[in-house]
Each structure stands twice: as structure tokens, then as C-alpha cells.
Asks: 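The structure is given below, and queries will be raised subsequently.
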Amino acid sequence: QEHLVESGGGLVQPGGSLRLSCIASGFDLNSLGIGWFRQAPGKEREAVSCISTTGIDTYYRDTVKGRFTISRDRAQKTVWLQLSSLQPEDTAVYYCAAGPVGYGDWEVQRNYDYWGQGTQVTVSA
């Protein structure tokens, strides 16, 4: 059965860092664009970042630009999201998703075919 698995979440103080990872089971992660989304308590899920199939193109929501970095290793078939300078408002469940996405449509959730179960990121003193 095809699915994604996220890991790397946890509790961190403001200003701290975490690195989330996303791997695939049952399909080739390298054949699709990978997006990261997050959902905070009481809020809708929102797009955070995306990386193209080749890894050449990356996209970020404005509030995380300069703080988050998405990358992928095709040999390891893994995608990472490096979270830095974390703030309490970054607290959320973070999900990775895979689909034929890129410029102009990476923020649209229905464009993704596979989703993970999420990993909790909590930023608190």
C-alpha cells in the first residue's frame, strides 16, 4: 500500500531547529514533487514548501522563507524539511505529500496523491 512516513518532529524552544524527513512506501518518491503542509490546532491545513521532482525548484510560503529549507536526496529517496528559527506560531502537525506538482499548483492540496500521517512540531519555552 502506497503511503508516506514523516519523522523528526518534537518539542523545541523558540529559536531552535528541527529536521523533518519524509520517505515513501510502495512507490518511487523520486518520480513526484514533494510538498510539506502543516495544520495548527483550530486552523486549516496550509502549504509550507514544495520541491520539484528534480530537486532544482523549491517553493515556500512567505512566512517561512529564510527559515525553512526543503531538500531531497534521490539516492536515499528522502525529502527533508529543515526548520530553523522556530517560533510558537510554527507549532503544528507537519505532513508531507507527493504528487505531480510544481510552479503554480504546489499549494493546492487536491493535486497531491499521497499523504503521510503527520509529525508533531511544538515550539514552546
Side-chain angles (χ1 to χ4, degrees):
Q1 188 174 6
E2 301 92 346
H3 64 277
L4 296 167
V5 179
E6 306 95 337
S7 62
L11 173 64
V12 63
Q13 294 185 342
S17 299
L18 286 171
R19 188 172 80 156
L20 309 182
S21 64
C22 175
I23 61 173
S25 177
F27 69 98
D28 185 2
L29 189 72
N30 288 345
S31 65
L32 296 170
I34 305 298
W36 282 94
F37 293 76
R38 67 185 180 186
Q39 187 167 22
K43 296 186 176 181
E44 294 187 354
R45 189 162 58 185
E46 62 184 17
V48 175
S49 181
C50 178
I51 189 165
S52 64
T53 304
T54 62
I56 293 175
D57 299 307
T58 59
Y59 313 96
Y60 300 92
R61 70 180 299 109
D62 287 344
T63 55
V64 307
K65 285 180 180 177
R67 299 189 300 121
F68 293 6
T69 303
I70 192 170
S71 61
R72 70 189 305 165
D73 185 317
R74 297 180 63 80
Q76 296 188 44
K77 297 186 178 182
T78 304
V79 172
W80 292 279
L81 185 67
Q82 177 71 41
L83 315 178
S84 302
S85 301
L86 283 162
Q87 299 302 317
E89 52 265 34
D90 294 316
T91 295
V93 178
Y94 283 70
Y95 301 88
C96 67
V101 296
Y103 177 77
D105 65 0
W106 69 273
E107 296 172 282
V108 180
Q109 297 184 40
R110 66 176 181 271
N111 290 338
Y112 291 84
D113 299 320
Y114 307 103
W115 290 81
Q117 293 299 307
T119 184
Q120 176 70 46
V121 172
T122 303
V123 185
S124 176

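Small disclaimer: the values here were computed from a predicted structure and weren't measured. Residue numbers count from 1 along this sequence.
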Asks: Please tell me whether Ser7 and Thr119 have a donor and an acceptor in their side chains that are separated by less than 3.5 angstrom.
Replies: no
Asks: Establish whether Leu4 and Trp36 are linked, either directly or via other cluster members, by ILVMFWY side-chain heavy-atom contacts under 4.5 Å.
Replies: yes
Asks: Considering residues at least two apart in sequence or located in another chain, which fulfil the side chain to side chain contact (heavy atoms under 4.5 Å, CB included) criterion with Asp113?
Replies: Pro100
Asks: Could you see if Trp80 belongs to whatever hydrophobic cluster contains Ile51? Use Ile, Leu, Val, Met, Phe, Trp, Tyr and a side-chain cutoff under 4.5 Å.
Replies: no
Asks: Strictly by salt bridge (Lys or Arg N to Asp or Glu O under 4.0 Å), give each pair with a member in residues 87-105 just once, sequence neighbours left out.
Replies: Arg38-Asp90, Arg67-Asp90
Asks: Taking transitive links into account, so neighbours of neighbours count too, which hydrophobic residues share a cluster with Ile23 at under 4.5 Å side-chain distance?
Replies: Val5
Asks: Atom CZ of Phe68 and atom CG of Leu20: how far apart are they, to the nearest 0.5 Å?
Replies: 8.0 Å
Asks: With Tyr114, which residues qualify under ring-ring contact (aromatic ring centres under 6.0 Å, His included), at least two apart?
Replies: Phe27
Asks: Among residues at least two apart in sequence or on other chains, which ones pass side-chain hydrogen bond (donor to acceptor under 3.5 Å, both in side chains) with Ser52?
Replies: Thr54
Asks: Just to verify, what does Cys22 make a disulfide (SG to SG under 2.5 Å) with, not counting sequence neighbours?
Replies: Cys96
Asks: So which atom in Asn30 and which in Asp73 form the shortest heavy-atom distance, rounded to 0.1 Å?
Replies: OD1-O, 4.5 Å
Asks: For Ser25, give me all partners under side chain to side chain contact (heavy atoms under 4.5 Å, CB included), at least two apart in sequence or on another chain.
Replies: His3
Asks: Taking side-chain hydrogen bond (donor to acceptor under 3.5 Å, both in side chains) as the test, write out the residues that go with Gln82, two or more places apart.
Replies: none
Asks: Heavy-atom distance under 4.5 Å between the side chains of Leu83 and Val12, does that happen here?
Replies: no
Asks: So do Thr69 and Tyr60 actually touch side chain to side chain, heavy atoms under 4.5 Å?
Replies: yes
Asks: Would you say Thr53 and Arg74 make side-chain contact, with heavy atoms under 4.5 Å?
Replies: yes
Asks: Write out all pairs satisfying salt bridge (Lys or Arg N to Asp or Glu O under 4.0 Å) with one or both partners inside residues 49-63, taking only residues at least two apart or from two chains.
Replies: Glu46-Arg61, Asp62-Lys65
Asks: Which disulfide (SG to SG under 2.5 Å) pairs, counting each pair once, include a residue from residues 40-74, with sequence neighbours left out?
Replies: none
Asks: Mind checking side chain to side chain contact (heavy atoms under 4.5 Å, CB included) for Gln39 and listing every partner two or more places apart, or none if nothing turns up?
Replies: Arg45, Tyr95
Asks: Which residues pass the ring-ring contact (aromatic ring centres under 6.0 Å, His included) test with Trp115, sequence neighbours left out?
Replies: Phe37, Tyr112
Asks: Which pair of non-hydrogen atoms, one from Leu32 and one from Ala98, has the smallest distance, and what is that distance?
Replies: CD1-CB, 3.9 Å
Asks: Could you check if a side-chain atom of Leu11 sits within less than 4.5 angstrom of a side-chain atom of Ser124, using non-hydrogen atoms only?
Replies: yes
Asks: Any donor-acceptor pair under 3.5 Å linking the side chain of Glu6 with the backbone of Gly118?
Replies: yes
Asks: Does Val123 form a side chain to side chain contact (heavy atoms under 4.5 Å, CB included) with Leu18? I'd like the steps, not just the answer.
Replies: CA-CA 10 Å; Val123 185; Leu18 286 171; over 6 Å; no
Asks: Could you tell me if the side chain of Ile70 sits less than 4.5 Å from the side chain of Tyr59, heavy atoms only?
Replies: no
